[in-house]
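Residue numbers run from 1 in the order of the sequence given. Computed from a prediction, not measured in an experiment: that's the story for all the values here.
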Amino acid sequence: MPSAVCFVFLPTAIDLLYWRDIKQTGIVFGSFLLLLFSLTQFSVVSVVAYLALAALSATISFRIYKSVLQAVQKTDEGHPFKAYLELEITLSQEQIQKYTDCLQFYVNSTLKELRRLFLVQDLVDSLKFAVLMWLLTYVGALFNGLTLLLMAVVSMFTLPVVYVKHQAQIDQYLGLVRTHINAVVAKIQAKIPGAKRHAE
């Protein structure tokens, strides 16, 4: 089942977002921030080229250092990256099928939902979507896509931890907001004839 396959990576993602391994999360979070900050200053091509050059500089320097060290100490340790060069990195047919099924599941789900919203299967849901798109026009005028992505990454790595520490207070406020939104939606449904079926 594709949806079950897609949840295989969920525990790892949750561990990262909740900072259960501080070192690992710090590396991932820092890498994302560095990449996004770089993309705000340079083009994608320049960022990719600089990252490749930095990685090559590090590996070439380490290779030369280990070769000189082996020559001086007269040891025969071999290639410093031998273990990594011998690692199997090819994807099996089963793995490719698994990832394809996962992608297909999400694409199909998204297309069905968009069809439902744009063809007004449910009037209230389509109106909510229209309001969201209208709000996004203002967000788009204030921030570009990279800034929004940067904010999203920072939020992903900070909000879960904040929520865990202050769960009771946050749940209380969210409950109040949800109650208020439900009351507003109920008023709208009462005034729109096509929305009454949704409320029942």
Main-chain N/O of [Y] paired with [X] side-chain donor or acceptor, under 3.5 Å:
X	Y	result
Ser61	Ala58	no
Gln41	Ser38	no
Ser46	Phe42	no

Interatomic spacing from NZ in Lys98 to CG in Leu103 - rounded to 0.5 Å: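 If we round to the nearest 0.5 Å, Lys98:NZ and Leu103:CG are 15.0 Å apart.
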Nearest 0.5 Å, please: how far is CG in Leu136 from CG in Leu148?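 Result: 8.5 Å between the selected atoms.
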With side-chain contact (heavy atoms from CB on, under 4.5 Å) as the test, would you mind laying out the steps for Thr137 and Met133 before giving the verdict? CA-CA 6 Å; Thr137 61; Met133 292 300 103; 5.9 Å; no
Please examine the side chains of [Y] and [X], heavy atoms only from C-beta on, and report whether any two atoms are closer than 4.5 Å.
X	Y	value
Thr40	Leu36	no
Glu88	Thr90	yes
Asn108	Gln104	yes
Leu16	Phe29	no
Leu149	Leu39	no
Val45	Tyr50	no
Thr25	Arg20	no
Val161	Val164	no

May I ask you to decide if the ring planes of Phe32 and Phe157 are parallel, tilted or perpendicular, using 30° and 60° as cut-offs?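 Ring orientation of Phe32 relative to Phe157: tilted.
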In terms of relative ring orientation, are Phe81 and Phe62 parallel, tilted or perpendicular, with 30° and 60° separating the classes?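 Ring orientation of Phe81 relative to Phe62: tilted.
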same_hphob_cluster([X], [Y]) at 4.5 Å side-chain heavy-atom cutoff:
X	Y	result
Val184	Val131	no
Val153	Ile27	no
Phe37	Val44	yes
Ile60	Val68	yes
Tyr163	Ile14	no

side-chain contact (heavy atoms from CB on, under 4.5 Å) for Lys23 and Asp21? Distances and angles first, verdict last. CA-CA 6 Å; Lys23 183 180 178 182; Asp21 184 338; 3.8 Å; yes
Full working for side-chain contact (heavy atoms from CB on, under 4.5 Å) between Thr110 and Glu113: CA-CA 5 Å; Thr110 302; Glu113 185 65 17; 5.8 Å; no
Would you say the side chains of Thr147 and Asn144 form a donor-acceptor pair under 3.5 Å?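 Present: a donor and an acceptor within the cut-off.
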For Leu123 and Val120, what are the C-alpha separation, side-chain angles and deciding distance, and is it a side-chain contact (heavy atoms from CB on, under 4.5 Å)? CA-CA 5 Å; Leu123 183 58; Val120 199; 3.8 Å; yes
Any salt bridge between Arg116 and Asp125, counting N to O under 4.0 Å?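 Salt bridge: yes.
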If every non-hydrogen atom of Ser155 is compared with every non-hydrogen atom of Pro160, which pair is closest and at what distance?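 Here Ser155 and Pro160 meet closest at O-CD, 3.6 Å.
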Should we count CG of Leu87 as having more than 12 external heavy atoms under 6.0 Å?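 More than 12 within 6.0 Å, yes.
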